[in-house]
Amino acid sequence: TYISCLSGTIWSVGMWYSFPDQDLDALLQRLPSLMGETSHSFLKSGEVWSAYRELQRQKKSVGMPRTRLSDLYATCIAKQLLDYLGEEKYSYPISRIAEVEKLQNGDLPIPLFSLVHQEPHHYEWLEISPFETGSDYLSAYVPQKGFGSSYVAGELSFRHPEVTLGPVSYTHLRAHE
């Protein structure tokens, strides 16, 4: 079975699947404490700025574009909503969701994150699962661990670090702009 996610359900299902033992009741009890501050209030956090600078350094070292404001906001979102992951809150790969035992056993549905990007004359859909990412519009799907890498004519040309849960959680916010 599948669970389709768009907008706020991307970060909420991402939190659920990355939460210890995928205990939804425990997550719901903890949620009010996670929502106590607005994401932009974390701009005063030295930890957020250190994580942001590290992300920029990593992107620069592999030649990836640095979307500074988007990256900063994604870092703030990760600090607020994924803090229970400890050191991994800024680097939790989406492919790790595929390792969740309850998902492997069929006790949890496969999450499908849908992102919508508006072009001048149409919308483009991007589908993200723990296993692969792609779209019918692009006529291409790549293994999840390759999401964020560069491809030429369907061949991997340069492996970049995998896109993590924080930026994908932020991206849903941009779909409505």
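Values below: all heavy atoms of this structure, side chains included; hydrogens, waters and symmetry mates excluded.
In this structure, CG in Leu55 is found 12.5 Å from OG in Ser50, a value given to the nearest 0.5 Å. Note: Ser12 OG to Ile3 CD1 = 7.5 Å, rounded to the nearest 0.5 Å. Once rounded to the nearest 0.5 Å, the distance linking CG of Leu6 with CG of Leu112 reads 12.0 Å.
When all heavy atoms are compared, the tightest approach of Asp71 to Thr75 is O-OG1, 2.8 Å. Here the closest heavy-atom approach between residue Leu156 and residue Ser150 is recorded as CD1-O, 3.5 Å. Nearest heavy-atom pair across Cys76 and Leu43 is SG-CD2, 3.7 Å. Closest of all the heavy-atom pairs between Ile110 and Pro130 is CG2-CD, 4.2 Å. Nearest heavy-atom pair across Leu103 and Pro111 is CD1-CD, 4.3 Å. Nearest approach of Tyr92 to Tyr17, heavy atoms of both residues: OH-O, 4.2 Å.
Hydrophobic cluster membership differs between Val152 and Phe158, with clusters built from Ile, Leu, Val, Met, Phe, Trp and Tyr side chains linked at under 4.5 angstrom. Linking Ile, Leu, Val, Met, Phe, Trp and Tyr whenever their side-chain heavy atoms come within less than 4.5 Å puts Leu85 and Leu108 in one cluster. Following chains of ILVMFWY side-chain contacts shorter than 4.5 Å, one can reach Phe147 starting from Phe131, so the two form part of one hydrophobic cluster. Residues Leu31 and Leu82 fall within the same hydrophobic cluster, defined by Ile, Leu, Val, Met, Phe, Trp and Tyr side chains chained together at heavy-atom separations under 4.5 Å.
Using a 3.5 Å distance cut-off with no hydrogens or angles, the side chains of Ser18 and Tyr84 do pair a donor with an acceptor. In the model, Glu127 has a side-chain atom that pairs as donor or acceptor with a side-chain atom of Tyr141 under 3.5 Å.
For Gln104, the CD atom counts as densely surrounded, since its 6.0 Å shell holds more than 12 non-hydrogen atoms of other residues, nucleotides or ligands.
Side-chain contact between Leu27 and Gln22 is absent, with no heavy atoms from C-beta onward closer than 4.5 Å. In this structure, Tyr90 and Val48 have side chains that are in contact, with non-hydrogen atoms separated by less than 4.5 Å.
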*Would you sort out whether Leu126 and Thr133 count as a side-chain contact (heavy atoms from CB on, under 4.5 Å), showing the intermediate values?*
CA-CA 7 Å; Leu126 184 66; Thr133 294; 3.9 Å; yes

_Determine whether Trp125 and Leu115 satisfy the following criterion, side-chain contact (heavy atoms from CB on, under 4.5 Å), listing intermediate values before the conclusion._
CA-CA 6 Å; Trp125 287 78; Leu115 303 177; over 6 Å; no

*List the steps, then state whether side-chain contact (heavy atoms from CB on, under 4.5 Å) holds for Trp16 with Leu28.*
CA-CA 9 Å; Trp16 175 24; Leu28 292 174; over 6 Å; no

Output side-chain donor-acceptor pairs under 3.5 Å for residues 94-101, partner residues at least two apart or in another chain, one line each.
| from | atom 1 | to | atom 2 | distance (Å) |
| --- | --- | --- | --- | --- |
| Ser95 | OG | Glu162 | OE1 | 2.8 |
| Ser95 | OG | Glu162 | OE2 | 3.2 |
| Arg96 | NH1 | Glu88 | OE1 | 3.1 |
| Arg96 | NH1 | Glu88 | OE2 | 2.3 |
| Arg96 | NH2 | Glu88 | OE2 | 3.2 |

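At least one donor-acceptor pair under 3.5 Å links the side chain of Asp23 to the backbone N or O of Asp25. Under the 3.5 Å distance criterion, the side-chain polar atoms of Asp136 are left unmatched by any main-chain donor or acceptor of Ser139.
Between Tyr52 and Trp49, the distance separating the two ring centers is shorter than 6.0 angstrom.
Under the 4.0 Å criterion applied to side-chain N and carboxylate O atoms, Glu132 and Lys145 are not assigned as salt-bridge partners.
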